[in-house]
Amino acid sequence: MITVDLPFPPSVNNLFRNAQKGRVKTERYAEWANVAGWMLKSQKPGRVEGKFALALVVQRKDNRKRDIGNLLKAVEDLLVEHGVIQDDSLAERIHIAWGEAPEGCRVTVGAVS
């Protein structure tokens, strides 16, 4: 079981923008991925091979209406990019909830047999 704390993730609505060569990361997403990547590395999370279950707890920043499901994409992509999980398509179960998270969000990943 791996648990890591990451900054509050950007919404899927703010991850990419249209460019002449297709879709590219927004500046905001690139900055988040950089900061979150260093935070992830510093926690030395290890790796979950194969199928996995993921739990994401996100700290509410304010009273804005937010679709909590839109916060998952950036986190999953970060976990793949840093080798914590092999591929986000291997998720067997995902649980997302508002709650207490010291840095913005807490991610727990475990192997599923």
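As a basis for the values below, the full set of heavy atoms in this structure was taken, side chains included, without hydrogen atoms, waters or symmetry mates. Sequential numbering from 1 along the given sequence is applied to the chain's residues. Just so it is clear, the structure is predicted and the values come from calculations on it, not from any experiment.
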Asks: Any side-chain heavy atom of Leu54 within less than 4.5 Å of one from Leu56?
Replies: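 Side chain of Leu54 against side chain of Leu56, heavy atoms only: contact under 4.5 Å found.
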
Asks: Taking atom CD of Glu100 as the centre, does the number of heavy atoms from other residues, nucleotides or ligands within less than 6.0 Å exceed 12?
Replies: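 Check fails, neighbour count at 12 or below.
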
Asks: Please step through side-chain contact (heavy atoms from CB on, under 4.5 Å) for the pair Asn70 and Asn13, ending with a clear verdict.
Replies: CA-CA 7 Å; Asn70 284 346; Asn13 300 324; 3.4 Å; yes

Asks: For residues Leu90 and Ile85, determine if any side-chain heavy atom of one lies less than 4.5 Å from a side-chain heavy atom of the other.
Replies: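 No, too far: nothing below the 4.5 Å cut-off.
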
Asks: Taking the side chain as C-beta and beyond, is there a heavy-atom pair between Arg23 and Asn18 under 4.5 Å?
Replies: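 Yes, close enough: below the 4.5 Å cut-off.
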
Asks: Please round to the nearest 0.5 Å and tell me the distance separating atom CG of Asp88 and atom CG of Leu79.
Replies: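 Interatomic distance, Asp88 CG to Leu79 CG, rounded to 0.5 Å: 9.0 Å.
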
Asks: Work out which heavy atom in Met39 is nearest to a heavy atom in Pro7; give both atom names and the distance.
Replies: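 Minimum heavy-atom contact is SD-CD, 3.2 Å.
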
Asks: Assign the ring pair Tyr29 / Phe16 to parallel, tilted or perpendicular, where the plane angle (0 to 90°) is split at 30° and 60°.
Replies: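 Plane angle over 60°, so perpendicular.
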
Asks: Count I, L, V, M, F, W, Y as connected when their side-chain heavy atoms are under 4.5 Å apart, and connections chain through other members. Are Val24 and Val12 then in the same cluster?
Replies: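 Cluster IDs for Val24 and Val12 differ.
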
Asks: How many angstroms lie between CD in Gln86 and CZ in Phe52, if you round to the nearest 0.5 Å?
Replies: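 Gln86 atom CD to Phe52 atom CZ measures 9.5 Å (nearest 0.5 Å).
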
Asks: Would you check if Ile2 and Val84 make a side-chain contact, meaning some heavy-atom pair closer than 4.5 Å?
Replies: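 A side-chain contact exists here, since the closest heavy-atom pair is under 4.5 Å.
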
Asks: So for atom NZ, which belongs to Lys25, do other residues, nucleotides or ligands contribute more than 12 heavy atoms lying within a distance under 6.0 Å?
Replies: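 Yes, the 6.0 Å shell around NZ holds more than 12 heavy atoms from other groups.
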
Asks: Val35 versus Glu31: any side-chain heavy-atom pair under 4.5 Å?
Replies: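 Not in contact.
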
Asks: Are Leu15 and Pro10 packed together at the side-chain level, in the sense that at least one heavy-atom pair is separated by less than 4.5 angstrom?
Replies: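 A side-chain contact under 4.5 Å exists here.
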
Asks: Minimum heavy-atom separation for Leu78 to Ala36, with atom names?
Replies: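 Looking at all heavy atoms of both residues, the shortest contact is CD2-CB, 3.6 Å.
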
Asks: Taking the side chain from Thr26 and the backbone from Arg17, do they hold a donor-acceptor pair closer than 3.5 Å?
Replies: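 Here the side-chain-to-backbone pair does not exist.
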
Asks: Are Val48 and Val80 linked, directly or through other ILVMFWY residues, by side chains that come within less than 4.5 angstrom of each other?
Replies: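 Looking at the clustering, Val80 is in the same group as Val48.
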
Asks: Which pair of heavy atoms, one from His82 and one from Leu40, lies closest together, and at what distance?
Replies: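 Heavy atoms only, the tightest pair is CB-CD2, 3.5 Å.
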
Asks: Using the rule that Ile, Leu, Val, Met, Phe, Trp and Tyr join whenever any side-chain heavy atoms are under 4.5 Å apart, tell me whether Val107 and Val112 fall into a single cluster.
Replies: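 In one cluster with Val107: Val112, no.
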
Asks: Just to verify, which of Arg60, Arg66, Arg64 counts as forming a side-chain hydrogen bond (donor to acceptor under 3.5 Å, both in side chains) with Asp62?
Replies: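 Only match with Asp62 under side-chain hydrogen bond (donor to acceptor under 3.5 Å, both in side chains): Arg66.
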
Asks: Determine, stepwise, if the pair Arg106 / Thr3 fulfils side-chain contact (heavy atoms from CB on, under 4.5 Å).
Replies: CA-CA 7 Å; Arg106 175 162 282 171; Thr3 299; 3.7 Å; yes

Asks: So which heavy atom on Gly69 is nearest to which on Ile96, and how close?
Replies: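 Where Gly69 meets Ile96 most closely, the heavy atoms are CA-CD1, 4.2 Å.
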
Asks: Nearest 0.5 angstrom please: Asp5 CG to Gln43 CD, how far?
Replies: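 Here the rounded value is 5.5 Å.
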
Asks: Evaluate the side-chain contact (heavy atoms from CB on, under 4.5 Å) criterion for residues Val109 and Met1: first the C-alpha distance (whole Å), next the side-chain angles of each, then the deciding distance (0.1 Å), finally the verdict.
Replies: CA-CA 6 Å; Val109 183; Met1 187 78 64; over 6 Å; no

Asks: Looking at side-chain heavy atoms only, is the closest gap between Leu71 and Phe8 below 4.5 Å?
Replies: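 Yes, close enough: below the 4.5 Å cut-off.
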
Asks: For the hydrophobic clusters of this structure (ILVMFWY residues joined by side-chain heavy atoms under 4.5 Å, transitively), does one cluster hold both Val57 and Ile68?
Replies: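 No.
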
